[in-house]
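Both ligands and their constituent atoms are indexed starting at 1 by order of listing. Counting from 1, the numbers follow the sequence of the chain as shown.
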Amino acid sequence: MKKVITYGTYDLLHQGHVNLLRRARELGDWLIVGVTSDSFDRGRGKLNVRNNVLERVEAVRATGYADQIVIEDYLGQKIDDIQKYDVDVFAIGSDWEGKFDYLREYCEVVYLPRTEGISSTMLREESETVVRLGVVGSGRIARRFIPESKVVGGVEVVSVMNPDSAEAEAFRREFELRSAHTDFDAFVNEVDAVYVASPHLTHYDYCRRALEAGKHVLCEIPFVLEGGQARELYALAEQKRLVLLEASKTAHCPGFMHLVTLVKSGVIGDVVDIKASLSKMVAPPTRELDASQAGGCVTEHAPLTLMALVKLLGRDITGASFRSRMEGGVDVFTKGIIDFPHATASVTLGIGVKTEGNLVISGTRGYVYVPAPWWLTDYFEVRYEDQTKNRKYFYSYDGDGLRYELQEFVSMIVSGRLSSYRLRRRDSVAIADLIERYRNKENVTEI
Ligand code: C2G
């Protein structure tokens with residue numbers, strides 16, 4: 001019996017897929033179809049897949065061409081499958097011409113003609129309303145955001161707003177956007193959603209005005225500097241049925257998300273202590289060192305570190321105290337001790353003091369170690385007293401990592417989901433509450 005194998009995502013299964021499966025089946029007597037798992041697709045950068053793996057498997061089965069269906073879940077699996085199932089022919093569409101020649105060592109490799117004029121990408125685009133996004137601010141993070149937005153489906157950045165017209169226009173030209181504005185009201189009228197990437201102290205006002213104008217909002221960190229403002233904005237968003245999401249990039253990256261689920265499922269027992277550090281040196285003149293712009297390492301780095309604490313230990317905070325080294329009116333180093341009923345945690349933050357930026361989560365059975373920079377989580381280890389039980393986990397962290405939060409934001413808009421399990425609104429409020437306590441100098445000592 002001649003066995004043929006082929007692989008694909010088969011999202012929104014279409015005639016191109018069906019033709020390919022038919023031709024592949026005709027090459028032999030038995031066709032095995034490998035359907036990619038959702039996590040495998042995410043790992044290879046396919047973030048826009050619409051159907052989940054069960055739906056895609058069902059669609060392939062319904063074509064009637066597959067004699068056997070397997071799930072493709074890891075790189076290198078093709079070689080394993082070919083050997084395991086004793087495959088004679090590996091077949092794939094001609095868009096992959098040459099890419100799978102390395103399999104010739106194991107079986108015959110055939111590139112079948114691709115069906116022109118149809119693809120899952122085209123179908124996704126046709127059925128999708130594209131969210132028109134406007135960016136408020138044209139600084140460093142906004143510049144990194146535009147290239148990231150190109151890899152996320154269903155969204156197009158169309159305009160930029162900056163009160164400085166020369167800066168707005170330069171940004172528009174560089175990134176080939178449709179328009180540049182200095183006036184927020186004119187800007188907001190042209191878009192469906194807004195990405196707030198302006199200086200910290202302007203976030204609250206821009207978020208409120210965008211929501212009042214009926215637009216969804218993705219807001220950079222620090223979202224706002226007072227818990228009350230966060231509560232008010234989430235209530236406004238809820239009342240208007242709009243998405244408001246804090247752009248806590250680490251909360252959205254695949255590695256960190258898996259870390260949270262592993263810890264929550266008890267792999268290190270009860271969590272008793274967390275140490276999260278984040279330091280990035282900055283040189284003047286920069287807004288991070290400017291007290292009048294709410295500079296300092298707490299406003300800069302607390303949002304991501306506190307996010308980790310709140311996600312892993314919850315919001316029942318029984319105490320918080322801080323030690324800071326001040327320079328020119330801003331904290332260039334802050335150590336915060338945050339207490340929970342049955343756990344303790346510390347954050348070590350610096351913009352004028354350098355330290356190792358790792359994350360250690362200690363539990364009653366073992367600990368998780370995420371090396372610096374832990375906030376771009378692509379690797380971590382679960383370690384035990386018995387080192388033979390240690391496990392290492394690797395993930396992709398593509399580009400600047402902003403694509404993950406944007407993809408979630410767009411998906412929330414499209415599906416009308418107002419809350420994301422990746423960062424609950426109440427968790428975002430808890431982070432703002434803690435930042436407010438620090439800024440109000442509650443339990444803050446200078447060193
Ligand atoms: N295909 C085709 N004609 C089209 C579109 C797709 O012949 N118009 C073929 C592809 O060449 C591939 C199969 O259909 O052989 C599945 O395509 P996708 O779902 O896009 O999956 P792909 O990303 O190509 O996965 O391990 C996964 C594989 O490496 C390929």
Requested in this report: Under the side chain to side chain donor-acceptor pair (under 3.5 Å) rule, collect the residues that match up with K150, sequence neighbours excluded.
Outcome: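 Scan of K150 (side chain to side chain donor-acceptor pair (under 3.5 Å), adjacent residues dropped) gives none.
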Which atom pairs, nitrogen or oxygen on both sides, join ligand 1 and the protein at under 3.5 angstrom?
from     : atom 1 : to   : atom 2 : distance (Å)
ligand 1 : 3 (N)  : T115 : N      : 3.3
ligand 1 : 8 (N)  : T115 : O      : 2.8
ligand 1 : 8 (N)  : I118 : O      : 2.5
ligand 1 : 11 (O) : G93  : N      : 3.4
ligand 1 : 11 (O) : D95  : OD1    : 2.6
ligand 1 : 15 (O) : G93  : N      : 2.9
ligand 1 : 19 (O) : T9   : N      : 3.1
ligand 1 : 19 (O) : Y10  : N      : 2.8
ligand 1 : 19 (O) : H17  : NE2    : 3.3
ligand 1 : 21 (O) : T9   : N      : 3.1
ligand 1 : 23 (O) : R44  : NH2    : 3.0
ligand 1 : 23 (O) : K46  : NZ     : 2.9
ligand 1 : 24 (O) : W96  : NE1    : 2.8
ligand 1 : 26 (O) : E72  : OE1    : 2.4
ligand 1 : 26 (O) : E72  : OE2    : 3.2
ligand 1 : 26 (O) : K78  : NZ     : 2.8
ligand 1 : 29 (O) : K78  : NZ     : 3.3

**Report entry** Point-to-point distance, once rounded to the nearest 0.5 Å, from OG1 of T348 to CD of E356
**Finding:**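 Reported value, rounded in 0.5 Å steps: 11.5 Å.
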Query raised in the report: Would you call E72-K78 a salt bridge at under 4.0 Å N-O?
Result: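 A salt bridge links E72 with K78.
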Requested in this report: Applying salt bridge (charged side-chain N to carboxylate O under 4.0 Å, His left out), name anything that partners D433, two or more places apart in sequence or on another chain.
Outcome: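 Counting only residues at least two positions away or on another chain, D433 forms a salt bridge (charged side-chain N to carboxylate O under 4.0 Å, His left out) with R231.
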Could you go through residues 160-175 and list every donor-acceptor pair under 3.5 Å that involves a side-chain atom there, pairing it with any protein atom two or more places apart or in another chain?
from : atom 1 : to   : atom 2 : distance (Å)
N162 : OD1    : D164 : N      : 2.9
N162 : ND2    : S138 : OG     : 2.8
N162 : ND2    : E167 : OE1    : 3.2
D164 : OD1    : A166 : N      : 3.0
D164 : OD1    : E167 : N      : 3.1
E169 : OE1    : R172 : NE     : 3.1
E169 : OE2    : R172 : NE     : 3.2
E169 : OE2    : R172 : NH2    : 2.9
R172 : NH1    : L177 : O      : 3.2
E174 : OE1    : R143 : NH1    : 3.3
E174 : OE1    : R143 : NH2    : 2.7
E174 : OE2    : R143 : NH2    : 2.5

**Report entry** Donor-acceptor pair, side chain of D38 and main chain of V53, under 3.5 angstrom
**Finding:**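 Such a contact is found between D38 side chain and V53 backbone.
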